[in-house]
Amino acid sequence: MKNIPGFLMIGVLALSLAGCSSDGGLVRPDRPVMTGTVSYRARIALPSTAVLTIRLLDITRTDAPAVILAERSISNPGNPPMKFELPYPYGGITAKRRYVIEARIEVEGRMRFFSMDAHIVTPENASQPHEVWVEPTKEN
């Protein structure tokens, strides 16, 4: 019974330390944000169940899968042009690497639109608005 306050103190200390955990500086409210729109030419209205997913990919290594630097999904994005904001890690865009923005639209878990052409991101254009185009997939 005498040790109960000690255990409580250890529990409180453990919880407070857990609240101070760090993500290595990658998730901070003031980190850089890529902005832009996603559009398509097809005259198709999206249902409210649509989900737009935007990814910033590092495609430098051609012999390995792309590295996802940032990703954001937007439920019920509306119709084109669909605006997005994509926070990405500090130091995420450097001149020595190759980056692209990938966009996809899914409806009820099935991909309906995808960015077929690479939308290239450089240190010079990272802070400018991006216009990403998607095309219907063959499933449509």
Item to check | Spacing of I120 atom CD1 and T122 atom OG1 [to the nearest 0.5 Å] | outcome: 9.0 Å
Item to check | Stepwise side chain to side chain contact (heavy atoms under 4.5 Å, CB included) test for R112 and V134 | outcome: CA-CA 9 Å; R112 298 295 184 182; V134 294; over 6 Å; no
Next on the checklist: Please evaluate residues F114 and K138 with respect to the criterion side chain to side chain contact (heavy atoms under 4.5 Å, CB included), reporting the C-alpha separation (whole Å), side-chain torsions for both, the decisive distance (0.1 Å), and the verdict.
Outcome noted: CA-CA 10 Å; F114 186 74; K138 292 183 181 183; over 6 Å; no
Checklist entry - Under 4.5 Å between side-chain heavy atoms, hopping through other hydrophobics if needed: is there a path connecting V38 to V107? => result no
Next on the checklist: Tell me the closest heavy-atom pair linking K83 and I74, and the distance in Å.
Outcome noted: O-CD1, 3.8 Å
Next on the checklist: As an exercise, state the distance from CE of M34 to NE2 of H130, rounded to the nearest 0.5 Å.
Outcome noted: 5.0 Å
Mind listing the side-chain donor-acceptor pairs of residues 91-105 below 3.5 Å, one per line with the distance, residues two or more places apart or on another chain?
from: T94; atom 1: OG1; to: Y99; atom 2: OH; distance (Å): 3.2
from: R97; atom 1: NE; to: D58; atom 2: OD2; distance (Å): 2.6
from: R97; atom 1: NH2; to: D58; atom 2: OD2; distance (Å): 3.4
from: Y99; atom 1: OH; to: G92; atom 2: O; distance (Å): 3.0
from: Y99; atom 1: OH; to: T94; atom 2: N; distance (Å): 3.1

Checklist entry - Taking atom CG of L56 and atom CD1 of I68, what is their separation to the nearest 0.5 Å? => result 10.0 Å
Item to check | Inter- and intrachain pairs under ring pair (Phe, Tyr, Trp, His ring centres under 6.0 Å), touching residues 52-84, at least two apart | outcome: none
Checklist entry - Does V67 belong to the same Ile/Leu/Val/Met/Phe/Trp/Tyr cluster as Y88, with side-chain heavy atoms less than 4.5 Å apart forming each link? => result yes
Checklist entry - When rounded to the nearest 0.5 angstrom, what is the spacing between CG in L69 and CG in L57? => result 7.5 Å
Next on the checklist: Ignoring hydrogens, what is the shortest heavy-atom contact between P136 and F113? Give both atom names and the distance.
Outcome noted: N-CD2, 3.5 Å
Next on the checklist: side chain to side chain contact (heavy atoms under 4.5 Å, CB included), that's the test. Do V132 and T37 meet it? Break it down for me.
Outcome noted: CA-CA 6 Å; V132 181; T37 59; over 6 Å; no
Item to check | side chain to side chain contact (heavy atoms under 4.5 Å, CB included) against P129, all qualifying residues, sequence neighbours excluded | outcome: T35
Checklist outcome for this item: What one should report as the nearest heavy-atom pair of M111 and E106 is CA-CG, 3.9 Å
Next on the checklist: For L46 versus P77, what's the shortest heavy-atom pair and its separation?
Outcome noted: CD1-CG, 4.3 Å
Item to check | Distance-minimising heavy-atom pair for N79 and A45 | outcome: OD1-CA, 3.4 Å
Checklist entry - Minimum heavy-atom separation for S39 to P80, with atom names? => result CA-CB, 3.9 Å
